[in-house]
2 protein chains.
Amino acid sequence: MNDRPLANKAQAIASEVRRRIVDREWRQGDRIPDEAELAVTFGVARATVNKALQMLADEGLLDRKRRAGTHVTVNPARRATLTIPIVREQIEQAGMTYSHRVIAQRRSPIPADIAARMELPEGAELIHLRTVHYGDGNPFQAEDRWINPVAAPGVDLIDFHRINPNEWLVRNFPWLRGDMVFSAENADARDARLLGTRQGTALLILQRTTWNDLGAITSVRLAFHPGYCLIASP
Amino acid sequence: MNDRPLANKAQAIASEVRRRIVDREWRQGDRIPDEAELAVTFGVARATVNKALQMLADEGLLDRKRRAGTHVTVNPARRATLTIPIVREQIEQAGMTYSHRVIAQRRSPIPADIAARMELPEGAELIHLRTVHYGDGNPFQAEDRWINPVAAPGVDLIDFHRINPNEWLVRNFPWLRGDMVFSAENADARDARLLGTRQGTALLILQRTTWNDLGAITSVRLAFHPGYCLIASP
DNA sequence: GATGTTTCTATGTCTAGGCTTAATGAAACT
DNA sequence: AGTTTCATTAAGCCTAGACATAGAAACATC
């Protein structure tokens with residue numbers, strides 16, 4: 001389809017190999033020539049072939065094992081990367097004006113489910129925040145967040161009316177590890193009220209927890225406006 | 001936390017750099033020392049440092065530009081990779097017995113929305129399939145799929161009662177490009193009937209379209225059993 | 001036949017060095 | 001002041017060669 005030559009050799013080789021797989025010159029399960037051989041046929045160093053094949057292995061198109069060689073994956077488990085944009089940027093990119101409102105902010109003991117998610121003892125006192133994000137004044141996302149002041153020192157001093165909690169955290173506390181769970185839920189009374197919709201409407205829910213070396217930083221449940229969808233690319 | 005030395009140097013360097021970022025020795029927006037300098041301080045070749053920093057750039061933790069140097073990303077756009085498992089494997093991994101039922105299979109002209117999604121002319125004749133996947137006899141996923149016999153030759157000859165359409169396609173037609181969209185929908189009458197739930201229940205919906213060099217292969221809408229959730233990792 | 005041992009090989013990883021290229025700041029020129 | 005030119009520099013990418021190591025296959029032993 002689009003065969004413009006790629007700038008660098010590794011990518012050129014990767015896409016040639018990809019083509020051979022898609023065109024079924026190399027079938028699922030087949031063993032493909034080894035790095036040294038490909039290096040000769042493509043006229044490059046072995047390291048370059050290695051880089052290209054690694055890329056394809058990361059994509060899940062190839063299976064590589066020492067001594068056993070490189071095979072075309074039989075059942076490619078399809079992997080996709082999705083980018084969770086910062087709400088404000090997302091709204092502004094859509095040409096709308098961003099605003100947010102903090103509905104509630106208090107220190108309180110965490111319920112059991114959040115404790116489990118954050119790997120903290122039940123009843124630990126965290127900051128609990130409810131925020132709604134708007135685009136041109138219309139509700140777009142409802143956020144229910146717990147922040148751990150141990151892992152995010154200084155959180156008590158922040159005025160979240162000025163900067164939204166997500167942005168403050170993201171800018172100040174990079175994380176090492178994170179969970180992310182997508183699901184669908186029927187809007188309960190509160191979701192419906194905050195998002196300006198009817199109770200029972202299907203909402204896309206994203207539940208996320210992040211950790212750094214001091215423990216769980218934050219756990220948040222994001223409820224998106226009905227109709228919102230999340231796009232992933234391979 | 002867990003400081004066991006990593007087997008290879010590139011990864012060891014990557015995690016040391018990651019640590020410095022998380023511990024805020026290198027703050028968001030800071031420029032970090034250049035590859036040559038790090039190569040000296042870590043006592044490795046520049047290529048090794050390059051590999052490590054590339055990994056972190058792929059993770060979205062670093063921004064790298066020629067001449068400008070390497071900076072700690074200011075607003076790390078959160079990237080997550082999710083693996084869409086093959087339904088059967090997923091069900092079997094949960095210790096249940098997999099089965100599927102083809103509800104309908106016919107050749108018919110595609111409606112406008114599918115045509116747009118697949119970049120095909122409206123009214124083109126494709127194979128239309130409805131399938132339900134079961135775990136221990138309970139409905140787990142409802143699938144509504146269109147297959148393009150031009151991009152997937154041989155599809156007319158397949159008996160999808162024996163092998164499910166997804167597995168057949170995945171095993172026979174690797175793709176070059178794909179779309180993936182997640183959303184939430186209230187179950188309509190058909191969804192409710194197929195998944196054995198009540199109309200209006202929130203369902204997680206995954207809409208996926210794939211292409212090879214002959215055009216769109218297939219476009220599918222998967223409706224998951226209520227309560228199903230999708231887990232992504234960074 | 002089942003189980004350990006050895007050999008061999010394709011990939012994994014690294015090094016030292018070279019060339020390429022894009023961004024940038026400064027100098028030269030409107 | 002604004003614009004163009006240009007050298008500089010840090011990352012991008014490649015190479016040739018080396019050693020390490022998993023693991024398949026052949027072999028030997030029980």
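Chain letters run A, B, ... following the sequence lines, proteins first, then strands; residues in each count from 1.
Rounded to a whole Å, the NZ atom of B:K9 is 18 Å from the P atom of D:dA18. Look at CG on A:D58: it is 13 Å from C1' on C:dG12, rounded to the nearest Å. Rounding to whole angstrom units, CE of residue B:M55 and C1' of C:dG12 are separated by 14 Å. The interatomic distance linking B:K51 (NZ) with D:dC14 (P) rounds to 14 Å, in whole Å. One atom, CD of B:Q54, and another, C1' of D:dG12, lie 7 Å apart when rounded to the nearest Å. B:N50 has its CG atom 12 Å from the P atom of C:dT15, to the nearest Å.
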Which pairs of donor and acceptor atoms, one on a side chain in residues 34-42 of chain B, lie under 3.5 Å apart (sequence neighbours left out)?
residue: B:D34; atom: OD1; partner: B:A36; partner atom: N; Å: 3.1
residue: B:D34; atom: OD1; partner: B:E37; partner atom: N; Å: 3.0
residue: B:E35; atom: OE1; partner: B:R46; partner atom: NH1; Å: 2.6
residue: B:E35; atom: OE2; partner: B:N50; partner atom: ND2; Å: 2.8
residue: B:E35; atom: OE2; partner: B:R64; partner atom: NH1; Å: 3.3
residue: B:E35; atom: OE2; partner: B:R64; partner atom: NH2; Å: 2.6
residue: B:T41; atom: OG1; partner: B:L38; partner atom: O; Å: 3.1

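Under a cut-off of 6.0 angstrom, the local environment of CZ in A:R24 is crowded, with over 12 non-hydrogen atoms contributed by other residues, nucleotides or ligands.
Between B:R177 and A:E59 there is no salt bridge, since no side-chain nitrogen of the basic residue lies less than 4.0 Å from a carboxylate oxygen of the acidic one.
Both B:L53 and A:T48 lie near DNA chain D, and the one whose nearest nucleotide falls closer to the 5' end is B:L53.
Between B:I32 atom CD1 and B:R27 atom CZ the span is 15.5 Å, to the nearest 0.5 Å.
Qualifying ring pair (Phe, Tyr, Trp, His ring centres under 6.0 Å) partners for B:F140, counting only residues two or more places apart in sequence or in other chains: B:Y228. Under the ring pair (Phe, Tyr, Trp, His ring centres under 6.0 Å) criterion, B:H133 pairs with B:Y98, sequence neighbours left out.
Under the salt bridge (Lys or Arg N to Asp or Glu O under 4.0 Å) criterion, the residue pairs touching residues 134-152 of chain A are A:R130-A:D144, A:E143-A:R145, with sequence neighbours excluded.
For the pair A:R208 and A:F182, the NZ or CZ position fails the cation-pi test of under 6.0 Å to the six-membered ring centre and within 45 degrees of the ring normal.
Across residues 24-40 of chain B, B:R31, B:D34, B:E35 each have a non-hydrogen atom less than 4.0 Å from an atom of DNA chain D (numbered order). Looking at residues 60-74 of chain A, you'll see A:R64, A:K65, A:R66, A:R67, A:G69, A:T70 sit with a heavy atom under 4.0 Å from some atom of DNA chain C.
When B:L56, B:T73, B:T70 are each tested for a side chain to side chain contact (heavy atoms under 4.5 Å, CB included) with B:D63, only one passes: B:T73.
The side chain of B:R46 lies closest to C:dG18, out of C:dT13, C:dG18, D:dT15.
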